[in-house]
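Data block below; observations after.
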Amino acid sequence: MYTVVRLFRDEERHEALVDCAPESIASDAGGKPERFRVTLVDCDLLELEVGVTLSEEAYARLCDAQDRLACVQKALTFLDYGDLSRKRLIEKLRRTFPPALCEQTADRLEERGYLNDARLAERYAESYYEIRSYGPMRIRQELYGKGFTREVIEQALEPYRELDHREKIAALLEKKYTREALSDPSVRRKASDWLRRSGYGWTEISDVLREDF
């Protein structure tokens, strides 16, 4: 059995600090209680008040409540440092927390709008195409590397799938090579390979090199 010996409710942070001790040391001024940090919601659900005695089951629920809050706070810290896909966030959380809790935390953050793979993948795809000038195949690779599912990736690529990329390819070639350099077959092969690695298709690359250069 355990007893709540101190409790502080932080209404601004929506959290409670709960000091809880086994009955054997609850009345001992020299005993050191264990401190828990839980949400006010869990505090109220557990009916925590100073002097309340907790059963083993209630104490276990208090431990679970603390772990849930700690996992959410850790997840939000990771997201503050930079955007993450659901998969990558869970991978980071699993270094500290049980797999099931990590999944539940990701679910909760998705429900609250802190985690949205579809929206994030679309933002990445736009950045890769507009800023880094990657083609669809390279964008697919990059998104896969960030942990997005196949379904989310294909949805993010939809705006670029039917685009004619030849104008963009021509602009990339003009920026990187002179026309004189591209008259050399070996340079053209290198340019073609580079564009292929950048995510563009052979047909469009060949069309640009044949028609414009």
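Small disclaimer: the values here were computed from a predicted structure and weren't measured.
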E174, CD: over 12 other non-hydrogen atoms inside 6.0 angstrom: yes

Gap separating the SG atom of C102 from the CD atom of E91, nearest 0.5 angstrom: 10.5 Å

Partners passing side chain to side chain contact (heavy atoms under 4.5 Å, CB included) against A170 (at least two apart in sequence or in another chain): V208, D212, F213

Shared hydrophobic cluster, F8 / L54 (ILVMFWY, side-chain heavy atoms < 4.5 Å): no

Residues E57 and R61 bridged, charged N to O under 4.0 Å: no

Show me the side-chain donor-acceptor pairs of residues 77-87 shorter than 3.5 Å, one per line, residues at least two apart or across chains.
| residue | atom | partner | partner atom | Å |
| --- | --- | --- | --- | --- |
| T77 | OG1 | Q73 | O | 3.0 |
| D83 | OD2 | R123 | NH2 | 2.4 |
| S85 | OG | R88 | N | 3.2 |
| S85 | OG | K146 | O | 2.6 |
| R86 | NH1 | D107 | OD1 | 2.9 |
| R86 | NH1 | E110 | OE1 | 2.8 |
| R86 | NH1 | E110 | OE2 | 3.4 |
| R86 | NH2 | E103 | OE1 | 2.8 |
| R86 | NH2 | D107 | OD1 | 2.9 |

salt_bridge(E122, R119) N-O dist < 4.0 Å: no

Beyond-backbone contact of L115 with L120, side-chain heavy atoms, under 4.5 angstrom: no

Point-to-point distance, once rounded to the nearest 0.5 Å, from OG of S133 to NZ of K175: 7.0 Å

Same apolar cluster: Y124 and M137, side chain cutoff 4.5 Å: no

Distance, nearest 0.5 Å, that separates CG of D64 from CG of L101: 8.5 Å

Non-hydrogen side-chain atoms of R140 and L157 separated by less than 4.5 Å: yes

Minimum side-chain heavy-atom gap L195-L209 below 4.5 Å: no

Check: F36 ring centroid to Y59 ring centroid under 6.0 Å: yes

Other residues, nucleotides, ligands: >12 heavy atoms within 6.0 Å of E11 CD: yes

Side-chain hydrophobic cluster, 4.5 Å single linkage: members besides V41: L45

Minimum heavy-atom distance A21-V5, with the two atoms named: CB-CG1, 4.4 Å

Hphob cluster co-occupancy, Y144 + Y134, side-chain heavy atoms under 4.5 angstrom: yes

Presence of salt bridge, D44 and R9, under 4.0 angstrom: yes

From NZ (K176) to NZ (K190), nearest 0.5 Å: 10.5 Å

Side chains of V72 and T39 in contact at under 4.5 Å (non-hydrogen atoms): no

Interatomic spacing from CZ in R196 to OG in S206 - rounded to 0.5 Å: 9.5 Å

Co-membership, hydrophobic cluster, residues I90 and F97, 4.5 Å side-chain: no

CZ on R108 to CZ on R68, rounded to 0.5 Å: 6.5 Å

C43 vs L7 side-chain heavy atoms within contact, under 4.5 Å: yes

Donor-acceptor contact below 3.5 Å, side chain S198 vs main chain W194: yes

Residue pair D10 / L17, side-chain heavy-atom distance below 4.5 Å: no

CD/E211: more than 12 non-hydrogen atoms of other groups inside 6.0 Å: yes

Partner set under side chain to side chain contact (heavy atoms under 4.5 Å, CB included) for R150, not counting sequence neighbours: E154

Within 6.0 angstrom of R13 CZ, more than 12 heavy atoms from elsewhere: no

Partners passing side chain to side chain contact (heavy atoms under 4.5 Å, CB included) against S127 (at least two apart in sequence or in another chain): I131

Contact list for residues 150-170, test ring pair (Phe, Tyr, Trp, His ring centres under 6.0 Å), sequence neighbours left out: Y129-Y160, Y129-H165, H165-Y200

Same cluster (ILVMFWY, side-chain, under 4.5 Å), I139 and F148: yes

